[in-house]
Amino acid sequence: MGMQSIGRPTAPVAANASMSQTVSGSKGLQQREDLIFEVGAWDKTGVDLPQPKGGKSRLGGVTRKADTSLPGLSEPEAVRHYMRLSQKNYAIDLGLFPLGSCTMKHNPRLNEKAARMPGFADIHPMQPQRTIQGALQLIDELASWLKTLTGMPAVAMSPKAGAHGELCGMLAIRQALIARGESDTRKRVLVPASAHGTNPATAIQCGFIVDEIKADARGRVDMEDLRGKLESGDDIAGIMLTNPNTCGLFETDIKEIADLIHAAGGYFYCDGANFNAIVGRVRPGDLGVDAMHINLHKTFSTPHGGGGPGSGPTVLSEALAPYAPVPYVVKDEDGFRLVEDIEGEASEAFGRMVAFHGQMGMFVRALTYMLSHGADGLKQVAEDAVLNANYVQARLKGVMTPAFEGYCMHEALFSDAFAAEGIGTIDIAKAIIDEGYHPMTMYFPLVVHGAMLIEPTETESKQELDRFCDALASVAKRAAAGDEALKGAPYFAPKKRLDETRAARKPILKWTPPTPEAIAAE
Amino acid sequence: MGMQSIGRPTAPVAANASMSQTVSGSKGLQQREDLIFEVGAWDKTGVDLPQPKGGKSRLGGVTRKADTSLPGLSEPEAVRHYMRLSQKNYAIDLGLFPLGSCTMKHNPRLNEKAARMPGFADIHPMQPQRTIQGALQLIDELASWLKTLTGMPAVAMSPKAGAHGELCGMLAIRQALIARGESDTRKRVLVPASAHGTNPATAIQCGFIVDEIKADARGRVDMEDLRGKLESGDDIAGIMLTNPNTCGLFETDIKEIADLIHAAGGYFYCDGANFNAIVGRVRPGDLGVDAMHINLHKTFSTPHGGGGPGSGPTVLSEALAPYAPVPYVVKDEDGFRLVEDIEGEASEAFGRMVAFHGQMGMFVRALTYMLSHGADGLKQVAEDAVLNANYVQARLKGVMTPAFEGYCMHEALFSDAFAAEGIGTIDIAKAIIDEGYHPMTMYFPLVVHGAMLIEPTETESKQELDRFCDALASVAKRAAAGDEALKGAPYFAPKKRLDETRAARKPILKWTPPTPEAIAAE
Amino acid sequence: MRYLPLTPEDRSAMLNTIGAASVDDFYEDVPESARLDGKIRDLPDHQGELAVERHLARLAAKNTTASDGPFFVGAGAYKHHVPASVDMIIQRSEFLTTYTPYQPEIAQGTLQTLFEFQTQVAEMTAMDVANASMYDGSTSCAEAAVMACRVTRRKKVVLSGGLHPHYAAATRLLCEAQGIEVVQLEPAVDGELELANHVDDETACVIGQSPNVFGTVTDLSPVADVAHEKKALLVSVFTEAVSLGLVTPPGEMGADIAVGEGQSIGNPLTFGGPYVGLFACTQKLVRQMPGRLCGETVDADGERGFVLTLSTREQHIRRDKATSNICTNSGLCALAFTAHMTLLGGTGFKQLAELNHEAACDLADALEAIPGVNILTPRFFNEFAFETPVDAEAVLAMLDERGVIGGVRASRLLPDGHMGNVIIAAATECTTQEDIAAYAAALKEVI
Amino acid sequence: MRYLPLTPEDRSAMLNTIGAASVDDFYEDVPESARLDGKIRDLPDHQGELAVERHLARLAAKNTTASDGPFFVGAGAYKHHVPASVDMIIQRSEFLTTYTPYQPEIAQGTLQTLFEFQTQVAEMTAMDVANASMYDGSTSCAEAAVMACRVTRRKKVVLSGGLHPHYAAATRLLCEAQGIEVVQLEPAVDGELELANHVDDETACVIGQSPNVFGTVTDLSPVADVAHEKKALLVSVFTEAVSLGLVTPPGEMGADIAVGEGQSIGNPLTFGGPYVGLFACTQKLVRQMPGRLCGETVDADGERGFVLTLSTREQHIRRDKATSNICTNSGLCALAFTAHMTLLGGTGFKQLAELNHEAACDLADALEAIPGVNILTPRFFNEFAFETPVDAEAVLAMLDERGVIGGVRASRLLPDGHMGNVIIAAATECTTQEDIAAYAAALKEVI
Ligand SMILES: Cc1ncc(COP(=O)(O)O)c(C=O)c1O
Ligand SMILES: Cc1ncc(COP(=O)(O)O)c(C=O)c1O
């Protein structure tokens with residue numbers, strides 16, 4: 001508060017003492033920025049459109065009564081608005097982003113460049129197939145990479161994200177059961193307690209019933225429990241199992257599980273979100289998997305964009321391949337062709353999941369990434385991802401509590417056992433923010449108390465891992481010592497801890513113009 | 001220092017109290033980043049090049065003895081390195097950048113897109129002219145825009161920046177004098193004390209002698225002084241005058257000045273750096289100007305990129321046109337053609353200033369900008385730029401000391417008279433940093449004590465100007481009150497005030513590996 | 001490997017710290033029989049940027065872009081101009097390379113833009129609330145259908161004859177999997193109001209579209225009234241978001257749920273994806289909504305901030321009780337949408353809509369003038385269906401030979417729609433008078 | 001006007017605050033006769049993005065790019081691959097839209113990268129210090145010549161017969177303006193060492209180039225020795241920065257000043273500019289250097305930071321006593337250069353150089369095999385001159401017709417060089433074996 005010194009010159013004073021506020025609300029390079037509804041003007045625009053000639057109308061009176069009352073900004077203001085907001089985000093490009101299960105790896109810039117080639121970005125999904133042979137070829141090439149890497153015979157390319165891929169796989173299973181005439185009797189789907197929320201949710205979306213299976217002390221499927229559930233197995237539709245699982249562990253008994261499920265007349269859906277740990281080293285096709293989605297934004301480096309878009313191509317076994325949804329690409333003498341209708345070669349297809357042909361923009365990026373790494377590079381990807389995770393586990397196991405014994409795969413899981421009474425996983429997570437890092441995944445998987453799931457990915461250097469581990473170790477020590485200051489964290493983030501309870505209690509989901517009273521009050 | 005509380009739980013404490021340090025050196029989103037020589041590794045690389053086949057060599061033994069020992073970074077690390085460093089920069093995209101005389105206006109993104117079209121970015125300056133007709137046409141179009149806007153008959157496109165354009169103009173004057181056989185007698189160039197440093201420097205570079213003319217109480221050329229200097233005018237080569245001048249004022253007597261110079265047998269070089277104030281409203285050609293450079297990165301919105309590249313096309317009068325440097329573009333029946341040799345049509349050219357044809361990348365951006373604004377828009381640009389500057393002057397004249405009476409043009413100039421003893425312009429500038437703004441130009445022009453030159457440009461909104469004026473006004477008040485805290489500013493910037501004296505005393509101009517002793521010392 | 005920072009020295013040092021002999025140790029849980037020796041076969045090794053870029057450029061060159069010549073394809077995706085600054089904004093590292101904003105203290109950039117997006121979508125659709133986006137319009141439509149069933153506890157939905165066939169297919173698929181009966185009305189250019197005749201006490205919702213797949217704009221208010229009488233919901237669909245600048249929006253027609261495709265604003269065609277699904281509804285249905293919602297709150301200092309909220313609807317909290325299985329949505333496309341809308345503003349948005357409508361009117365006038373051309377769409381925004389005496393597939397092929405990409409044949413969308421000679425053509429602000437003249441000239445030649 | 005934020009209401013409110021009736025008041029100092037009524041004539045009004053982009057795309061389409069087919073043009077600018085991340089880095093707002101770092105507390109990003117750039121350039125050239133960049137190689141060369149005269153207080157410079165003619169022209173121009181005598185040696189493919197025979201006690205410096213304009217690489221050490229004996233300086237020039245990975249660098253040849261073109265690293269061809277001039281010298285000449293220098297220091301907390309330093313050499317402080325008039329340099333191109341070098345690292349840089357040399361060797365082998373082709377360059381890096389029985393201009397035109405852009409004719413650079421049949425051709429890592437085969441096949445046809 002430098003102001004206090006007005007009138008009576010004082011000696012220079014330390015930063016925090018003399019300046020805690022500014023008049024502008026900005027602080028140095030950190031710019032304050034309000035909502036466009038507060039900074040924009042109703043008659044402003046950042047585009048120059050030709051004046052409509054006017055006169056013509058074929059709307060037949062089906063016209064909007066009240067114009068949208070939305071503010072606009074000139075380009076300089078709009079650019080500044082979003083640049084200022086961007087300053088309030090963390091990103092991989094700024095540092096390690098160890099969000100377990102999300103595989104936040106580096107997004108190569110060549111991917112972005114390729115996706116913006118007009119030949120990919122400026123083509124329409126419904127233009128004549130003669131004019132999009134390059135696009136169809138790209139989809140075909142990506143499909144064969146995915147089939148080769150997974151050792152599976154077929155792949156459905158249209159799913160829009162991982163969860164949509166789960167839907168694809170489970171609908172294929174449903175269709176297979178229909179073909180077998182058992183769709184009404186086989187409704188039970190086994191899902192481990194450690195599964196990602198999308199698994200049970202997907203099963204339900206497909207009209208199945210979820211039956212939860214336990215995890216054993218080693219963080220794997222409890223085989224006893226599984227066998228039990230399969231005893232009267234004639235109502236079993238299948239199992240949804242993540243491998244490597246959400247504890248960051250490889251399911252040791254996976255082949256036996258597959259055999260048991262098949263023996264029981266069910267199918268094996270494998271959640272492939274963690275494929276990054278084994279790509280190039282293990283082919284799910286060799287494990288008895290019937291369907292598996294692949295998150296292109298995880299294993300294959302497409303940017304997650306703060307919430308998507310994703311892309312979830314889903315590989316299918318011989319048993320399920322016939323039921324793959326339309327559309328798909330086939331190659332014949334006169335080039336590539338889209339199969340769009342449920343007839344002929346596709347007469348058994350379970351249907352169409354989505355308009356058009358899937359996430360082309362993500363396909364371009366993923367293929368660019370695959371070609372860049374090649375077979376040798378992808379194997380190295382998996383090995384470095386697993387090496388980095390084990391390194392983090394080794395560096396931290398002294399100060400934190402590993403959830404399970406032994407090596408992990410691509411992510412290291414800790415419980416909050418080491419933290420003093422009253423200090424929670426959330427406090428540790430928020431304190432890590434102050435150290436310049438995005439927190440690990442918190443409180444997931446549910447099978448571990450106060451779970452902290454750390455996935456560094458292969459695109460982190462040893463130096464960065466060391467810096468992160470030093471920081472997390474110091475926070476962990478403070479947590480063990482019960483440092484109450486942790487509860488105040490983060491201190492250096494753009495915002496202090498946010499009140500999520502309040503947000504949910506009386507949701508404010510859009511901006512509304514201040515009431516006259518409110519304005520008066522100011 | 002949360003650490004202190006280890007072992008003895010304390011109540012949550014305020015940010016500045018409990019956390020002033022972090023283990024990582026980063027703070028929240030602000031990442032610490034060392035030099036590549038410290039973070040990089042000698043055997044690392046962020047490119048995948050094919051293995052050379054080896055065997056062939058035609059170097060005849062003229063080979064490098066010691067390989068360059070430069071560190072490399074993988075792409076993820078390199079991207080992160082530069083993103084983290086970028087966080088330590090201010091930019092127009094973050095806020096008002098009122099650096100007087102530099103015209104820091106918004107850089108439209110369409111310009112960047114256009115400049116990256118392969119048809120412009122991926123063409124070679126020496127390819128056959130048949131294959132670059134589009135490029136030559138673009139240069140020709142930009143040239144005619146510049147000639148029309150300035151009302152001048154010719155323009156030299158090759159100068160690489162403003163100062164290079166000054167060189168171009170002064171060399172044209174020199175050549176004209178040579179043609180007149182007076183190059184040895186006419187060596188004196190008049191330059192106002194308020195001129196930008198490049199003006200006298202350029203005159204000297206061209207072998208002229210600089211004779212400084214005074215400014216009058218109104219911040220314009222002192223006509224008495226000028227007439228005096230022209231009395232024995234047969235050694236006069238010309239005058240270098242900035243208009244609008246560096247005090248942000250239009251030279252009232254400019255036409256008389258032009259007449260006087262011409263009468264004395266000299267030429268009138270006009271520094272066009274401030275063309276933004278009059279573009280579309282006044283044509284320098286109507287003011288008697290013989291040569292003027294235009295900074296495309298100022299008036300025509302090409303990005304300055306933290307130090308360039310610039311581009312300084314220089315318009316020339318009938319009198320100087322014949323001496324324009326090669327190369328230049330001409331249009332004839334079979335298309336566009338480059339005149340590259342000093343012969344025939346170009347036999348009087350004063351020479352070649354630079355390899356190839358000038359800053360094509362900037363030409364594309366500037367033409368994109370001109371087409372976007374058009375004649376109507378460019379006039380509006382000048383008017384809004386001047387309006388914004390006068391608004392700032394009006395809002396601040398109560399708390400700061402305007403250098404001169406009356407309205408300004410595109411920039412508002414203040415002296416430090418209002419500041420209390422011991423508080424300098426630099427303290428005010430650094431305090432503005434804390435408020436989230438880049439400081440104004442300090443201590444220039446030299447004719448005003450503790451000069452503060454504020455150029456908002458036309459791409460600032462009223463809201464942003466108000467926020468800036470509120471902030472600067474509060475700082476000004478503190479300066480008037482002698483608030484010593486100002487001397488500690490900036491407090492919120494990535495760095496505290498930097499020691500420039502120390503840097504100059506014993507210059508460290510590159511990184512050198514730490515000596516063994518130094519390492520030991522750590 | 002340019003994307004892999006670890007050096008051989010790093011790797012051995014790390015193995016040392018870990019106490020492992022080699023990375024193989026980490027894979028010991030993999031069943032013997034599934035362990036691959038060496039690399040996966042039949043795949044090339046890594047390549048440099050130059051080689052990869054050349055390969056992709058070759059593929060891209062095999063496609064004809066929507067800007068290469070006169071182009072009139074719509075039917076659910078539209079060729080619009082995207083301002084350069086929009087693409088620059090979505091390439092900003094802090095937006096492009098971040099994740100779902102689970103840690104709001106360091107995700108205010110994403111969260112505030114989502115809050116702005118939700119407000120814009122609600123305003124454009126004239127609905128109370130909008131969510132933070134879905135995959136695309138078709139999946140939004142399917143989710144709306146099952147949501148309506150949850151809300152009404154009924155198990156029957158009715159689809160209009162003008163609903164985009166892909167949307168209908170996606171909806172049918174999800175509904176049937178959940179044992180919901182789907183009534184599909186006969187394909188009809190102007191049949192949206194038919195919905196009113198198919199609402200009964202079992203009906204959870206009726207789903208109509210305006211502009212529909214044939215471009216027909218319809219005021220669905222009468223349908224809304226009948227539906228509400230029967231305690232059913234009206235789901236109002238659109239595939240051309242730009243139409244909201246001019247055409248009666250869902251909220252003004254009494255829609256309970258509005259879903260649509262947002263690609264037209266800020267997002268390139270990209271062969272069909274990624275796009276951005278818009279999903280809005282009335283206030284009282286909020287807690288049954290699928291997808292993420294961003295809400296306003298305050299931080300420990302009492303300063304305004306934004307967070308993801310009402311997550312108890314979502315799979316990661318509610319698991320098998322969730323309103324949907326959606327997790328990742330279309331965040332970056334939503335950012336492109338909101339950035340473009342911010343540039344447009346209400347004024348620009350309306351003007352853009354007017355330009356689109358005019359272009360379509362000009363196109364209709366030009367085609368109508370050709371003997372044999374019969375425009376089927378009675379009321380339209382920027383797209384309409386027309387009939388010629390010749391098979392549409394043949395016509396489009398001949399137009400293609402003449403450098404004109406003339407639209408989509410109805411029979412591609414509706415194989416059994418008995419619409420063999422029908423073409424659906426769209427025009428936008430990108431359509432020039434020359435394009436229209438070229439279309440008319442070529443069409444005259446081929447029919 | 002999309003780039004102008006002021007609304008009509010803003011404008012009148014602001015005029016009010018100012019107390020002016022209209023903006024015309026601000027222009028009252030403009031002489032009556034020079035006041036324009038209305039807009040400037042003969043210019044179009046403002047246009048939207050779509051229209052402007054289309055116009056520029058049309059112009060761009062009229063050019064043949066260096067990637068459209070076999071391409072062998074060098075002679076001072078080279079076709080190299082620029083990693084996608086480099087372009088992304090220089091488009092970062094905080095680098096792209098900022099100014100010269102006059103306020104170091106909020107410009108550490110720019111300053112630290114400049115410090116890294118200076119260190120890299122010094123290391124690559126094997127010189128003591130490098131500055132923060134000049135406009136390009138040719139202007140660096142001219143500045144080096146006048147700097148040498150300042151240092152030696154002499155007024156004569158000697159230019160080799162292999163110095164790029166554009167560099168020679170720019171140097172001659174500046175020198176003559178300052179009354180410096182310029183001795184230009186006869187054009188010679190392999191004549192750099194001739195310089196040794198033209199140093200006398202008036203000579204300020206001799207300027208040699210390796211690789212020179214004909215591609216010839218030369219160890220200039222003998223020239224350096226003679227020059228130093230006479231207390232003259234050696235200025236060593238290069239136009240292909242990639243050569244520094246393999247060819248003897250200036251510092252190893254005893255150069256006092258090293259100047260060159262940095263375009264090859266990180267910067268696209270862009271028809272000749274913007275490029276980045278590299279300028280390095282020995283420690284003892286630092287204070288005579290032109291251009292900006294970034295130096296290390298500490299801030300008030302004692303933390304390391306960087307600032308622009310030794311500004312007393314510069315125009316903004318020293319005015320008519322400055323070492324040069326340069327102000328704006330090539331900051332952003334220097335950033336591209338340093339970012340690309342950071343990706344390459346020493347290892348990658350050397351490998352890149354090797355690939356370039358191999359491509360040129362392969363090209364030479366292929367052309368040499370053609371009867372009538374005579375390679376003139378005895379020792380080269382990635383570029384060489386060759387002679388055929390046919391006039392070079394005609395040969396290049398015929399190659400062009402066959403889709404091969406075969407290089408530069410020496411006569412375009414040296415009209416009076418009596419080299420009518422000489423072609424200068426370059427190959428880089430972008431040159432494929434197919435390109436080389438195409439060149440050889442076409443050349444065989446035309447000579
Ligand atoms: C294990 C697991 N399964 C499924 C998903 C869902 O994938 P998406 O977010 O792409 O829908 C995720 C993503 O978070 C996941 O981690
Ligand atoms: C008045 C004036 N003249 C000349 C120049 C030099 O222009 P450039 O930096 O483009 O060389 C400048 C730029 O700062 C200036 O402000």
Side-chain angles (χ1 to χ4, degrees), chain A residues 45-46 52 56 60 62 70 72 82 85-86 88-93 114 117-119 121-122 124-126 131 134 160-161 163 197 200-202 210 250 252 286 305-310 351-352 355-356 359-361 371 374-377 383 391 394 461-462 493 495-496 498 503 508 510-511, chain C residues 5 10 14 18 23 29 34 39 43 45-46 52 56 59-60 62-65 73 89 93-94 97-98 100 104-106 108-110 119 135 138 166 169 173 217 268 270-274 295-297 299-300 305 309 315-316 319-320 322 325 328-329 331-332 343 345-346 348 354 361 379 408:
Chain A
T45 157
K56 289 184 180 177
V62 186
L70 288 170
Y82 292 103
L85 290 180
S86 76
K88 307 173 192 333
N89 269 6
Y90 190 85
I92 312 166
D93 282 356
M117 292 177 180
D122 193 24
H124 191 290
M126 299 298 280
T131 66
K160 292 277 191 177
T202 301
V210 172
F250 196 94
T252 334
D286 299 335
R352 167 185 283 276
F356 313 128
Q359 307 284 55
M360 183 64 172
L371 291 168
D376 55 341
E383 293 173 356
Y391 182 69
S461 68
K462 180 172 181 299
K495 287 268 182 282
K496 296 293 178 62
L498 285 146
I508 305 175
K510 69 175 180 185
W511 179 84
Chain C
D10 291 333
M14 291 162 76
I18 297 164
V23 288
D29 294 330
K39 296 175 299 186
L43 293 176
D45 275 352
H46 71 278
V52 175
L56 285 144
L59 291 181
K62 292 183 187 173
N63 303 321
T64 311
T65 79
V73 185
I89 287 164
S93 284
E94 291 84 344
T97 75
T98 189
T100 305
E105 296 83 3
I106 49 174
Q108 286 299 298
T110 298
T119 306
Y135 303 136
S138 65
H166 289 173
L173 184 63
V217 293
T270 319
F271 201 55
E296 182 181 320
T297 185
D299 74 358
T309 191
Q315 46 75 24
H316 64 285
R319 305 179 69 84
D320 54 343
N325 72 331
T328 289
N329 53 25
L332 201 66
L343 285 164
E354 287 165 349
C361 290
R379 306 169 305 281
V408 181

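Proteins get letters first, then strands, A, B, ... in listed order; numbering begins at 1 in each.
- In this structure, chain C has heavy atoms under 4.5 Å from both the backbone and the side chain of A/Met126.
- Your options are A/Ala163, A/Ser86, A/Gly374, A/Ser461, and the one with the most heavy-atom pairs under 4.5 Å with chain C is A/Ser86.
- Under the 4.5 Å side-chain criterion, counting only non-hydrogen atoms from C-beta, C/Glu94 is not in contact with A/Tyr90.
- Highest contact tally toward chain A, considering only C/Gly305, C/Ala60, C/Ser93, is held by C/Ala60 [criterion: heavy-atom pairs under 4.5 Å].
- For C/Thr309, the part sitting under 4.5 Å from any heavy atom of chain A is the side chain, from C-beta outward, and nothing else.
- Of all the listed residues (A/Gly72, A/Ala91, A/Gly310, A/Gly377), the one sharing the greatest number of non-hydrogen pairs under 4.5 Å with chain C is A/Ala91.
- Atom-to-atom distance recorded for C/Glu296:CD and A/Trp511:CH2 is 11.0 Å, nearest 0.5 angstrom.
- Residues C/Thr97 and A/Asp93 approach most closely at OG1-N, 3.3 Å, considering heavy atoms.
- For A/Ala394, the part lying near chain C is the side chain, with the backbone staying farther off; criterion is any non-hydrogen pair under 4.5 Å.
- With chain C as the partner, the residue from A/Pro118, A/Ala355, A/Gly307, A/Gly119 showing the most heavy-atom pairs under 4.5 Å is A/Gly307.
- Residues C/Phe271 and A/Met360 share a closest heavy-atom pair of CB-CG, 3.6 Å.
- Of all the listed residues (A/Gly351, A/Ala493, A/Gly361, A/Pro52), the one sharing the greatest number of non-hydrogen pairs under 4.5 Å with chain C is A/Pro52.
- Considering only heavy atoms from C-beta on, C/Pro268 stays 4.5 Å or farther from A/Asp122 through its side chain.
- Among all heavy-atom pairs drawn from A/Phe250 and C/Asp29, the shortest one is CD2-O, 3.7 Å.
- Options A/Lys88, A/Glu383, A/His124, A/Lys56 differ in how many heavy-atom pairs under 4.5 Å they form with chain C, and the most are formed by A/His124.
- Your options are C/Leu343, C/Val408, C/Thr100, and the one with the most heavy-atom pairs under 4.5 Å with chain A is C/Leu343.
- Between atom CG of residue C/Leu43 and atom CG of residue A/Leu371 there is a gap of 10.0 Å, rounded to the nearest 0.5 Å.
- Going from atom OG of C/Ser138 over to atom NZ of A/Lys160 covers 6.5 Å, rounded to the nearest 0.5 Å.
- If you tally non-hydrogen atom pairs under 4.5 Å between each of C/Arg319, C/Arg379, C/Lys62 and chain A, the highest count goes to C/Arg319.
- Not counting sequence neighbours, the partners of C/Asp299 by the side chain to side chain contact (heavy atoms under 4.5 Å, CB included) test are A/Lys495, A/Lys496, A/Leu498, C/Asp301, C/Glu303.
- Of all the listed residues (C/Ile89, C/Thr328, C/Ile106), the one sharing the greatest number of non-hydrogen pairs under 4.5 Å with chain A is C/Ile106.
- Of the listed residues C/Gln315, C/Gln108, C/Glu105, the one with more heavy-atom pairs under 4.5 angstrom with chain A than any other is C/Glu105.
- Of the two parts of A/Ala114, only the side chain, counted from C-beta on, holds a non-hydrogen atom closer than 4.5 Å to a non-hydrogen atom of chain C.
- Ranked by heavy-atom pairs shorter than 4.5 Å toward chain A, the options C/Leu56, C/Thr110, C/Val23 are led by C/Leu56.
- Here A/Asp286 pairs with A/Arg283 under the salt bridge (charged side-chain N to carboxylate O under 4.0 Å, His left out) rule; sequence neighbours left out.
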